[in-house]
Amino acid sequence: MNILSINNLAKIGREKPLFTGVTFGIQEGEKAALIGRNGTGKSTLLATIAGVLQPDEGTVVINKEAGVSYLPQTPAFLPDDTIREHIFKNNSPKLAVIREYEEICEEMQKSSAVVSTGSATEISSGLQHRYDDIMHKMDVSDLWNYEAQISSILSTLGITDMTRRMGTLSGGMCKKVALAQVLVEDTKLLLLDEPTNHLDITTIYWLQNYLHDTKRSVLMVTHDRWFLDAVCTNIYELARNRLKLYEGNYSQYLEKKETEAEIEANTERRIESVLRFEREWLLRGPCARGTKIKARIQRDEQLINREKFKSDKGFTFEVKGKRLGGKVLELHNISKNYPKGYVSEQGGGESLPLASAALASSATPSPRGAAPKTPEYVPVINNFSYVFTKGQKIGIFGDNGSGKSTFLNIITGHLSPDSGSVVVGVNTKFGYYTQTPEFADTNLTVLEYIKETAEHMTLNDGKKEVSASRFLEEFGFEGKIQHSPVSTLSGGERKRLYLVRLLLENPNFLVLDEPTNDFDIFTMNILEQFLENYEGCLLLVSHDRYFMDKTVDSLFIMEDNGDISGFVGKCSEYIEYRDELKKSQQGDFKGEKSPLGEGVADKTGASGSERGLGSEGENSPTLANNQNPQKKKLSFKEQKEFQELNEEIPALEAEQKTLEEKMASSDFEEVRKAGERYKEIEAMLEEKYPRWEELAERA
């Protein structure tokens with residue numbers, strides 16, 4: 001079934017047409033992507049298809065039975081709306097019923113809580129009647145599977161409190177809520193503009209699998225090449241104001257582009273060969289009276305004025321930076337804690353909590369006569385030590401809120417640890433790319449802003465120089481934009497400009513926090529080539545697995561309890577290892593042998609010292625949390641504890657399954673009790689699983 005039909009679509013930009021003559025269609029179940037350089041009109045095309053923008057020419061026809069859900073780069077919302085109100089805004093009858101069901105369940109929950117305190121005697125008959133009525137509607141419309149899917153999506157995206165106001169959420173959480181809104185809607189066409197921005201790698205991995213498996217059609221704009229490869233079956237490239245289809249995933253697109261470039265280059269050489277002879281003939285001044293001669297002159301003029309083939313040669317460069325000394329950077333037992341309820345991530349979703357806000361929170365007055373409450377603190381970084389050496393390239397892996405940006409801020413001196421020390425080498429010069437770059441004077445032109453740092457960049461050979469203007473061109477700042485004020489740039493353009501200036505400063509220790517957001521694939525290729533040849537140290541936070549794989553060779557893993565462990569290998573290897581470890585743990589609970597064999601040692605993926613970031617030695621820095629590869633044997637007391645856990649965990653899991661059946665009952669009181677017990681067991685298992693893993697490793 002045809003879901004989407006586009007015919008002769010055109011849109012005019014500020015100075016020239018963004019695209020013209022765009023004609024294509026999307027079939028049911030098709031997964032396609034729009035790619036192209038920044039500024040070519042990808043987001044504009046997607047917004048035009050969604051009906052947010054009106055085309056200057058052409059038509060967009062969406063199948064009436066299909067429906068469309070659109071995720072923009074910067075989702076719009078009403079600050080006073082709750083998360084539930086925002087997610088269920090769609091006019092779908094199914095969603096309306098599920099929303100009513102959720103609201104009534106919440107009211108019943110509150111009423112039950114009141115009953116338990118003794119301040120009320122029973123749930124009102126009106127509320128009970130509404131509950132019975134909505135349960136009947138859910139049964140008649142067969143919405144239980146749909147409701148379960150919605151709950152699963154919300155849970156996976158970390159959306160638990162549906163009563164929070166949209167205006168109180170961070171930018172990253174707003175993006176997650178907007179993504180949830182799109183995914184739960186009962187439509188057959190998804191239009192997604194940069195859906196992976198501000199998501200952590202674990203969530204992106206889940207979204208990748210969801211979009212791959214769904215029967216809905218997908219048209220998206222994304223720069224995540226791994227994501228493109230895994231999800232898309234067709235690639236549409238927007239270039240030179242035209243849209244061109246490449247069948248297959250991103251890897252197949254690259255192969256076809258390479259073949260296409262060779263053909264165009266050969267064609268260009270043949271035309272130039274012909275023109276060399278024709279130019280000589282034209283210079284002799286042929287008489288243009290004859291029809292054949294006129295036609296020949298017109299053909300030559302068309303060849304001379306043709307749109308010439310421009311190959312994407314790329315722009316490779318290596319800077320001549322300041323040499324690192326013997327001491328680069330040392331971290332000695334650093335720790336950082338935040339009050340419970342505050343998040344530690346910056347930019348990629350959450351905002352860095354202010355100390356004053358934390359203190360204000362902890363100083364909340366208690367009821368008269370009661371002792372003041374002591375704030376509960378949660379470790380973000382727990383007693384971590386590390387010694388960096390020359391040329392190390394390390395990526396930081398962790399979920400949103402795990403403390404990645406906090407870690408970078410401590411290293412670069414923007415934030416002090418609660419304990420421990422950071423010792424920076426005399427010759428170490430940081431280049432810190434933050435997610436929210438600041439500009440002192442936005443009235444400067446783009447070129448003036450760059451020239452404040454350097455007029456030219458000296459390359460690694462010490463001989464060749466690249467001008468600031470040329471450097472800007474290679475990062476997408478061409479023509480008039482170089483003479484435009486920084487204030488006129490979009491958020492993505494400002495980030496790109498900030499990166500250009502940072503690289504021109506020639507730092508020897510690069511600290512990059514999500515540098516690929518809002519970059520096109522071509523710009524990311526340039527940055528990758530630079531980082532591959534970079535001789536200084538690199539510490540990188542990125543949600544782009546492809547980018548991480550190409551630029552770093554080991555990882556810091558931010559654990560939930562504040563520990564930081566290490567993994568020698570690429571990001572994709574760690575994800576594979578983690579998946580295998582989960583399977584092996586599930587197998588162990590069932591009495592099966594681990595598929596990883598007997599060498600599985602700890603969460604870092606190490607067997608002995610194989611997976612740690614180096615081993616003990618003069619020039620081999622190690623992770624403080626993983627310094628002891630020799631596991632002590634279990635004591636008698638621990639053996640007994642391990643045996644008890646082997647009995648307790650399966651029993652609790654079995655009880656959970658029984659409770660799941662009870663929660664499907666129409667008796668609300670039974671559902672409530674089962675839900676409370678289920679949460680208790682869940683909390684118990686969360687404590688028992690890590691302890692079982694620890695003992696199992698040593699056993």
Side-chain angles (χ1 to χ4, degrees), residues 2-13 15-50 53 55-62 189-194 217-271 302 305-314 476 478 519-526 546:
N2 184 265
I3 298 290
L4 172 69
S5 295
I6 309 293
N7 184 42
N8 202 35
L9 209 63
K11 188 71 179 175
I12 308 299
E15 299 177 2
K16 58 182 180 179
L18 284 174
F19 48 82
T20 57
V22 170
T23 300
F24 71 102
I26 298 289
Q27 300 298 314
E28 186 173 9
E30 182 180 342
K31 315 290 168 58
L34 287 170
I35 66 171
R37 291 201 181 192
N38 284 345
T40 54
K42 303 185 297 296
S43 294
T44 301
L45 177 55
L46 209 64
T48 305
I49 295 171
L53 299 176
D56 294 317
E57 291 180 17
T59 57
V60 176
V61 179
I62 298 173
L189 175 61
L190 297 176
L191 302 177
L192 309 176
D193 196 353
E194 297 291 5
S217 303
V218 179
L219 179 62
M220 64 180 173
V221 173
T222 181
H223 61 253
D224 191 319
R225 290 153 290 179
W226 198 296
F227 196 76
L228 278 171
D229 238 7
V231 175
C232 295
T233 52
N234 285 320
I235 304 291
Y236 289 93
E237 183 184 44
L238 194 55
R240 305 176 193 175
N241 307 328
R242 298 284 178 176
L243 193 71
K244 185 171 183 180
L245 169 64
Y246 294 85
E247 294 183 356
N249 62 14
Y250 182 71
S251 295
Q252 293 166 320
Y253 156 80
L254 289 177
E255 293 172 3
K256 292 175 181 178
K257 282 290 288 185
E258 188 175 353
T259 303
E260 189 179 84
E262 289 177 4
I263 294 170
E264 289 195 28
N266 290 334
T267 303
E268 190 69 22
R269 281 194 293 271
R270 286 196 297 271
I271 291 173
Q302 288 174 352
N305 297 323
R306 75 192 183 284
E307 182 182 358
K308 296 179 177 60
F309 167 68
K310 293 180 181 179
S311 62
D312 288 340
K313 296 177 182 178
E478 301 177 348
F519 286 4
D520 58 41
I521 292 172
F522 185 79
T523 305
M524 288 166 63
N525 283 331
I526 295 172
Y546 191 98

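Because only heavy atoms are used, hydrogens play no part in the values below, and waters and symmetry mates are left out as well, while side chains stay in. Starting from 1, each residue takes its place in the sequence as its number. From a predicted model like this one, the values you see are computed outputs, not experimental measurements.
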All ring-ring contact (aromatic ring centres under 6.0 Å, His included) counterparts of Y250, not counting sequence neighbours: Y253
All side chain to side chain contact (heavy atoms under 4.5 Å, CB included) counterparts of E255, not counting sequence neighbours: none
Those residues that, when tested against K256, pass side-chain hydrogen bond (donor to acceptor under 3.5 Å, both in side chains) (two or more places apart): none
By side-chain hydrogen bond (donor to acceptor under 3.5 Å, both in side chains) - contacts of N2 (at least two apart): S5
With sequence neighbours excluded, residues passing side-chain hydrogen bond (donor to acceptor under 3.5 Å, both in side chains) with T23: none
Close side-chain approach of L34 to M220, heavy-atom, < 4.5 Å: no
Side chain to side chain contact (heavy atoms under 4.5 Å, CB included) partners of Q252, counting only residues at least two apart: N249
For A239, all residues meeting side chain to side chain contact (heavy atoms under 4.5 Å, CB included), sequence neighbours excluded: E237
Side chains of I35 and R225 in contact at under 4.5 Å (non-hydrogen atoms): no
Beyond-backbone contact of E260 with Y246, side-chain heavy atoms, under 4.5 angstrom: yes
Matching residue for L191 among L46, V218, I26 - test: side chain to side chain contact (heavy atoms under 4.5 Å, CB included): L46
L9 to P55 - nearest heavy-atom pair and separation: CD1-CB, 3.5 Å
Gap between atom CD1 of I521 and atom CD1 of I526 - 0.5 Å precision: 12.5 Å
Beyond-backbone contact of L243 with I6, side-chain heavy atoms, under 4.5 angstrom: no
Minimum-distance pair of heavy atoms, taken over all atoms of A32 and C232: C-SG, 3.9 Å
L4 side chain near V60 side chain, heavy-atom distance below 4.5 Å: yes
R37 backbone acceptor or donor facing K42 side chain under 3.5 Å: yes
T44 to T48 - nearest heavy-atom pair and separation: O-OG1, 2.7 Å
Heavy-atom pair of closest approach, residues R242 and G21: NH1-CA, 3.8 Å
Given I49, N234, L192, the one that forms side chain to side chain contact (heavy atoms under 4.5 Å, CB included) with L219: I49
Separation between CD1 of I235 and NZ of K31, rounded to the nearest 0.5 Å: 13.0 Å
Listed partners of T523 passing side chain to side chain contact (heavy atoms under 4.5 Å, CB included), at least two apart: F475, R496, F519, D520
Reported CG-to-CD1 distance for the pair L18 and I12, which is rounded to 0.5 angstrom: 8.0 Å
Residue pairs passing the ring-ring contact (aromatic ring centres under 6.0 Å, His included) test where at least one lies in residues 220-245, sequence neighbours excluded: F24-Y236
Approximate separation, where rounding is to 0.5 Å, of T20 OG1 and R240 CZ: 13.0 Å
Heavy-atom side-chain contact between K11 and L45 under 4.5 Å: no
Exercise: identify the closest heavy-atom pair between G41 and L238: C-CD2, 3.6 Å
Over 12 non-hydrogen atoms of neighbours within 6.0 angstrom of CD in E247: no
Main-chain N/O of S43 paired to D193 side chain as donor or acceptor, under 3.5 Å: no
For T233, side-chain hydrogen bond (donor to acceptor under 3.5 Å, both in side chains) partners two or more places apart: none
